[in-house]
Structures are given as C-alpha cells and as structure tokens.
Amino acid sequence: QALLERLVAERGVSRARLYSCYGYATKLSTNVRASPPVPDSVLRRVLDGAPEAFFENTLNGQQVFTVLRGVRDPSARTLIDDPRVEVGDVVGLLEVSQPYALLSSEMGRLQRELLLATVILLALMSVVIGELARRLVARPLERLVVAARALGEGDIDARVPQFLGAAELNALASEFN
C-alpha cells in the first residue's frame, strides 16, 4: 500500500492499483473512491506475457490514460507459493493512470522543444551553407572582378590565380590570364 501511495504522490498520477498473478485487484491507492475495472481482455493479454497494455477510461469524471504492466520476479517462489507459477512468470500487475491533460501538456512541451531544436539546426545549417557558398563562389568571383577592373583601367599585367576552386571558375581564370 505504501508503494501505491508513493506512486500517487508523484506529479500527475491519478491512480495506482496492484493485481495478483490471477488478475484480481489486491490493492488500490486511497485517493480513488470508485475505480472502473480494467477490461478482462487487457488483464489477460498482460498476464499471458505482453510487456504492457494501454487503454483509456474515465476516473472521477476525468479522462485518464492507463498503463498496465506485468511484474516479474526472477525468484517467483518467494512471492507466491503456487507450483503453477514458474521463475520469470508474471507474479502480479501494476496499473498506473494519468490524466490526459497532463499527457497533452507534456506532448505540447516536447513539440515546442523539437520545433526549437529544428529551427536552431536549420539556422546553423544556413550559416554553414552560406559560408561554403561565400568561400567557393563569392571569393573567386571577387578576384575575377578585381582583375577585370584593373584590366579595364589599363593594367594589362592584371592576373587572377589559376586555381579558384570550381572547374568552371578555373577555366574562366585560365581564359582571363
């Protein structure tokens, strides 16, 4: 019971309930007056080995999202004195419910963080691409412009470096010289 009460004391947990390995509710957190049962099909699925099950229901007039997980004990005999229960079998179930409002706000926060990370990544990529474009295109073209101006002003000895980067710019530099 103390474990359930600690779980419910956590932010946003509406209900916690323990079940036996046979699917019978054994403990329920004290903060819940009336609690709808977990559908038998969901209980059976987890008892038969599924790691967990999710479902929606209403608790105290509030929509909640519920997770049901199997509890396994490597030494099952210490908890249950039943020859049908083998080591590693499900020895019980733990049900935890949280309000949809909490989950929705968490999803909104995660979406905002993802959006911010995406914007920052795009900004960094833009800076990197801009710098590459400047180094690979703008600088060589500036050198060609300076040489063309010098030639236009009568400096027939004006030259551009033979290797400006891209093949097209190198061909233009070769023709210019």
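Just so you know, residue 1 is the first one in the sequence shown, and it goes up from there.
Linking Ile, Leu, Val, Met, Phe, Trp and Tyr whenever their side-chain heavy atoms come within less than 4.5 Å puts V137 and V160 in one cluster. Residues L141 and L151 fall within the same hydrophobic cluster, defined by Ile, Leu, Val, Met, Phe, Trp and Tyr side chains chained together at heavy-atom separations under 4.5 Å. Under the 4.5 Å side-chain contact rule for hydrophobic residues, L124 and L116 share a cluster.
The distance from the CD atom of E52 to the CG atom of L94 is 11.0 Å, given to the nearest 0.5 Å. Considering CG of L144 and CZ of R149, their distance stands at 12.0 Å, rounded to 0.5 Å.
Within a 6.0 Å radius of OH in Y100, more than 12 heavy atoms belonging to other residues, nucleotides or ligands are found.
Not counting sequence neighbours, R159 has no partner by the salt bridge (Lys or Arg N to Asp or Glu O under 4.0 Å) test. The ring pair (Phe, Tyr, Trp, His ring centres under 6.0 Å) test applied to F65 returns F54, not counting sequence neighbours. For the salt bridge (Lys or Arg N to Asp or Glu O under 4.0 Å) test, residues two or more places apart in sequence or in another chain that qualify with D48 are R44. With sequence neighbours left out, T58 forms a side chain to side chain contact (heavy atoms under 4.5 Å, CB included) with Q63. Remark: R112 engages no residue in a salt bridge (Lys or Arg N to Asp or Glu O under 4.0 Å) (not counting sequence neighbours). The side chain to side chain donor-acceptor pair (under 3.5 Å) check on R134 picks up E131, with sequence neighbours excluded.
For the residue pair G23 and L43, the shortest heavy atom distance occurs at O-CD1, 3.8 Å. The heavy-atom pair separating V46 from G70 by the smallest distance is CG1-N, 3.4 Å. Residues R135 and P140 approach most closely at O-CD, 3.6 Å, considering heavy atoms.
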After noting the C-alpha distance and the side-chain angles of L93 and E95, does the key distance pass the side-chain contact (heavy atoms from CB on, under 4.5 Å) rule? CA-CA 7 Å; L93 302 173; E95 173 191 353; over 6 Å; no
Can you list the steps and then say if Y19 with L47 is a side-chain contact (heavy atoms from CB on, under 4.5 Å)? CA-CA 10 Å; Y19 293 86; L47 285 170; over 6 Å; no
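Salt bridge status for R109 with E106: present, with a side-chain N to carboxylate O gap under 4.0 Å.
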